[in-house]
Amino acid sequence: MKKGEGQALFTAECSHHFHFNCIATNVQHGNRICPICRSEWKDIPFQAPGSANDFRNNNSTILGFRHNWHPPSLPVLETDQFSLEEPLSATHVAPAPSTRSQPITIKALPEFPAVLASDAVSKFPVLVGVSAPPFHVDVRHFNRAPIDLVAVLDVSGSMAGKLSLLKRAVCFIIQNLGPLDRVSIVTFSSSARSIFPLRRMRGSGQDDAISAVNALSSGGGTNIAEGLKKGVRVLEERREQNPIASVMLLSDGHDTLNDDTRSLYRNVQSLTSNPNYSLQYLYLLPASICSRNTASGNEARRLSIPVHTFGFGSEHDSNAMHAISDLSGGTYSFIETVDNLQDAFARCIGGLLSVVAQDVRLTIHSLSRGVQIGSIHSGRYKNEIFNLGQKATIDVGSLYADEEKEFLVYVSIPASSRGEGEAKLDHMSLLEVLCSNKDSTSSEIVESRRERVVIRRPKVLSPTDKMVCLEVDRQKNRLAVADAIATAQRMAELGILDHAQAVLSEQKTTLLSSVSAQAGDDLCKWLEKELTETAQRMATLQLYEQSGRAYVLSGLSSHSWQRATTRGHSTTILPGEAASGISSYETPSMISMVSKSQCLNGGPSQQPQMVTKSCSLTPRHK
C-alpha cells in the first residue's frame, strides 16, 4: 500500500501485476485466466471477497486461515512441502556379500617401455586410470546405495505439446526406483513450486508421485534459476540423507524471468574461465551448485549436489544448461527430438542407480630422484600437485559400476646416472599409484592394491623399446579431439566457421595418422565420426545455432567427466553394425536401463538380441 493512495497490488504466478480489488472481483466470478497472457492460474492464494469493503473487514481469508496475508511469492503451503519429507527406513539393509567393499582396479602405463639412459625427457606421459567393480544384480535390489532424487521440470507454455512425453519419462524414473529411494518433484514456469515432497518410492509413495506427475499442466514463462533453487533447497534442507543425491533438470527454453541479469553479464567470463558460462549463473544459482569449484577436499565432496541437465529441441538455452551441469559436477544431455526423452532419462538413472564407490581419490608419488610430476590432464576432475612435483592427487568423486576413468600424468625424467642403484639394474621406477574410496553401501573405506610404473634405461633402444603403448596413444587422441572441438566451438561462437572447419579437419588428419588409429582402434573410429558430425553441424551459422552448439556442448560435457550423455538422436545398435552411433563412457547398467525404456516404448530394442548403446566405444567395449 502506498501511503495515501490506497491501492494494493497483486502479483500473479505468471508474474503480471494487478490492482487487488480488480482481480479479486474477476476471480470471484470464477475466472482463473490471466487477462494479459491467458495462462491458467493453478493456485489462488486467497478466497476472493465479495467487495473491497468485505476484504478490509475480513482481514482476508488466506489459504483457509484468517490472519495476515502472505505474499504470493512466499505461500504458506510451500513451507509445508519441505516439512513433509519422509524419513529414511529405520531398518538398515546390509549390502550383499557379492558387492561389499570390492576394490577399484588401478591402471598405470608408460607411453614407452624404455628411455635412453643418456636422455632427459621433460614431458613423459603416463596413463593412470581406475575401473569400478561390476554390478552383479538388478539395480532395484538393495545391495546398492539408495538415492535422494529431485526432478525439476519445465512446465512453461512452450512445453504444451511435449507434456505427455515428459510425464511418461518421469513416470518411468519413478517406476524404476526402489523402496529406499526417495523422490521430490519441483515444477517451474514463471514461478517455481514444490508439488511433491521427498518421499520413499514404495506403495502409496510411488502411486502418489505418479499422480502428481500426471496432473501437470503447462503455461506461463520460464524461470530456470528459481526452479533450480527450489529443487536444490529440497536436498539442502533434508533432515536425513540417503548416500546418493542428485537433481535432474529439464527445460526446452531460455530463462525469461532473468533478462536483466542476462544482459548485464552476457559478455563476462565466469570465475572458471569457461567461455560458455555467464556470471549470472554464479549469482543466481545456489551455493551448493558451485561449491565443487570453490571448496576443496572433503568439503567440496560434502557440499556439491550434481545437477544433470536435459535440453529439449532447438530452442533451449544450451549454454545455461551446460554451465549448470558443469559447475555442479553433473552432465548435460541434448535431446534433439522429444521422442528420445525417456531414453535420455533412462541412461542417466541407469548410472545413478549403480553407484558403487564414492569419494574416489587417486594419489600419485614420485619414486626416483629427479622424477617430477609436471602436469595432469584430468578434464573437470580436480587435481593438485604437491612438494615440487613429488606427489599429486586426483579427486574422482563417485563411480558407477564398471565405469572407467583415465588420465594422463606428465612427468620429467632425468638422464640416468651410474651412481644410482636402479641404473645398475637398467631400470627406473617412476611413479607409485594408489586409490582410496568409500564403499557406497557399507561406507567402509577401501584401498586398492598399489601399482608401480617402471621403465628400462638402456644405453641403446631395441625395436621393442620404441613401441608406443596403444592405450596411452588412444587417450592422447581423445584429449586432442576434445580440445580441437572446444577450439572450433569458440571460433563458431565468433562466426568464423571456416577457421572452425580447418581446426576440425586438421585434427582428423592427425588422428588418422596416429599409431592407435592405424591399428584399427575402435575409439579412434568413433572420434573420427565425432569430428565429422561436429563439422557437419558447423556447416552454416544457422545450423550451428539450431543444433551444433548443443551437440558440441553435450559432447564436451561427456569428455570432461568421462561419463555418458545423450547427444542428438537416440540410437539402437544391431549386432555387427558399425560403431557410428555408439556412445562413449556408457556402462552396462545404463545400457540395460535404456533397453528397458525402449521395450516399454515399443521400440526395436524389445527384440532380445538387440543391444542399445549411447555415444561411443570405450576400450573395454571393443
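Please read these numbers as outputs of a predicted model, since none were measured by experiment.
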Worksheet, complete the sentence: The side-chain contact (heavy atoms from CB on, under 4.5 Å) partner of Leu250 among Ile335, Thr309, Leu153 is Leu153
Item to complete: Identify the residue among Ser589, Pro588, Pro134, Ser592 that makes a side-chain contact (heavy atoms from CB on, under 4.5 Å) with Ser354.
Response: Ser589
So, [X] side chain and [Y] main chain: donor-acceptor pair closer than 3.5 Å or not?
{"X": "Ser514", "Y": "Thr510", "answer": "no"}
{"X": "Ser333", "Y": "Thr566", "answer": "yes"}
{"X": "Ser560", "Y": "Arg380", "answer": "no"}
{"X": "Lys382", "Y": "Asp395", "answer": "no"}
{"X": "Lys405", "Y": "Trp561", "answer": "yes"}
{"X": "His499", "Y": "Ile496", "answer": "no"}
{"X": "Arg567", "Y": "Glu336", "answer": "no"}
{"X": "Gln518", "Y": "Leu512", "answer": "yes"}
{"X": "Ser513", "Y": "Thr509", "answer": "yes"}
{"X": "Lys230", "Y": "Ala192", "answer": "yes"}

Would [X] and [Y] pass as an ion pair if we require N to O under 4.0 Å?
{"X": "Lys529", "Y": "Glu533", "value": "no"}
{"X": "Glu111", "Y": "Lys476", "value": "yes"}
{"X": "Arg474", "Y": "Glu406", "value": "no"}

So do [Y] and [X] actually touch side chain to side chain, heavy atoms under 4.5 Å?
{"X": "Met491", "Y": "Gln501", "value": "no"}
{"X": "Tyr544", "Y": "Glu493", "value": "yes"}
{"X": "Gln342", "Y": "Leu165", "value": "no"}
{"X": "His377", "Y": "Ser375", "value": "yes"}
{"X": "Asp252", "Y": "Glu315", "value": "no"}
{"X": "Ile195", "Y": "Leu216", "value": "yes"}

Could you check whether [Y] and [X], counting side-chain N and O atoms only, form a donor-acceptor pair closer than 3.5 Å?
{"X": "His308", "Y": "Thr331", "result": "yes"}
{"X": "Ser156", "Y": "Asp154", "result": "yes"}
{"X": "Arg361", "Y": "Thr393", "result": "no"}
{"X": "Ser547", "Y": "Arg537", "result": "yes"}
{"X": "Glu471", "Y": "Gln475", "result": "no"}
{"X": "Lys107", "Y": "Ser131", "result": "no"}
{"X": "Thr222", "Y": "Asp255", "result": "no"}
{"X": "Ser597", "Y": "Asp343", "result": "yes"}
{"X": "Asp521", "Y": "Ser516", "result": "no"}

Practice prompt. Check the pair Ser558 / Tyr332 against side-chain contact (heavy atoms from CB on, under 4.5 Å), numbers first and verdict last.
Written response: CA-CA 8 Å; Ser558 184; Tyr332 160 57; over 6 Å; no
Discussion item. Using side-chain contact (heavy atoms from CB on, under 4.5 Å), reason through Val234 and Val186 one step at a time and then give a plain yes or no.
Written reply: CA-CA 9 Å; Val234 172; Val186 171; 4.3 Å; yes
I need the minimum non-hydrogen distance between [X] and [Y], along with the two atoms involved.
{"X": "Lys596", "Y": "Asn176", "value": "NZ-OD1, 2.5 Å"}
{"X": "Ala517", "Y": "Cys524", "value": "N-SG, 3.7 Å"}
{"X": "Arg347", "Y": "Ala564", "value": "CD-CB, 4.2 Å"}
{"X": "Val152", "Y": "Gly231", "value": "CG2-CA, 3.9 Å"}
{"X": "Ala392", "Y": "Ile376", "value": "CB-CD1, 3.6 Å"}
{"X": "Leu166", "Y": "Leu341", "value": "CA-CD2, 3.7 Å"}

Measuring from atom [atom1] of [X] to atom [atom2] of [Y], what distance do you get when rounded to the nearest 0.5 angstrom?
{"X": "Ser595", "Y": "Leu600", "atom1": "OG", "atom2": "CG", "answer": "11.0 Å"}
{"X": "Glu530", "Y": "Ile485", "atom1": "CD", "atom2": "CD1", "answer": "4.0 Å"}
{"X": "Ser328", "Y": "Ile324", "atom1": "OG", "atom2": "CD1", "answer": "8.5 Å"}
{"X": "Ser378", "Y": "Glu384", "atom1": "OG", "atom2": "CD", "answer": "10.5 Å"}
{"X": "Leu177", "Y": "Leu353", "atom1": "CG", "atom2": "CG", "answer": "6.0 Å"}
{"X": "Arg549", "Y": "Asp317", "atom1": "CZ", "atom2": "CG", "answer": "8.5 Å"}

Item to complete: May I ask you to check if Arg563 and Tyr400 form a cation-pi contact, with NZ or CZ under 6.0 angstrom from the six-membered ring centre and within 45° of the axis?
Response: yes
Using the ring of each side chain (for Trp, its six-membered ring), is [X] parallel, tilted or perpendicular to [Y], with breaks at 30° and 60°?
{"X": "Tyr381", "Y": "Phe407", "result": "perpendicular"}
{"X": "Tyr585", "Y": "His559", "result": "perpendicular"}
{"X": "Phe310", "Y": "Phe345", "result": "perpendicular"}

Worksheet item: Above 12 or not: heavy atoms from other molecules or residues under 6.0 Å from CD of Glu506?
Response: no
Discussion item. Counting neighbours of CD on Glu545 that are heavy atoms of other residues, nucleotides or ligands and sit closer than 6.0 Å, is the number greater than 12?
Written reply: yes
Item to complete: Before giving the answer on side-chain hydrogen bond (donor to acceptor under 3.5 Å, both in side chains), spell out for Ser190 and Asn223 the whole-Å C-alpha distance, their side-chain angles and the decisive distance to 0.1 Å.
Response: CA-CA 5 Å; Ser190 298; Asn223 196 336; over 6 Å; no
Practice prompt. Under the side-chain hydrogen bond (donor to acceptor under 3.5 Å, both in side chains) rule, what do Thr587 and Asp402 come out as? Steps first, then yes or no, please.
Written response: CA-CA 6 Å; Thr587 66; Asp402 292 290; over 6 Å; no
Discussion item. Would Leu149 and Ile244 count as a side-chain contact (heavy atoms from CB on, under 4.5 Å) here? Give the steps.
Written reply: CA-CA 8 Å; Leu149 180 66; Ile244 312 297; over 6 Å; no
Discussion item. Is there a side-chain contact (heavy atoms from CB on, under 4.5 Å) between Met538 and Leu504? Walk through the geometry before answering.
Written reply: CA-CA 10 Å; Met538 291 184 179; Leu504 297 173; 4.1 Å; yes
Fill in: side-chain hydrogen bond (donor to acceptor under 3.5 Å, both in side chains) between Ser557 and Thr565, worked out
CA-CA 8 Å; Ser557 173; Thr565 62; 5.7 Å; no
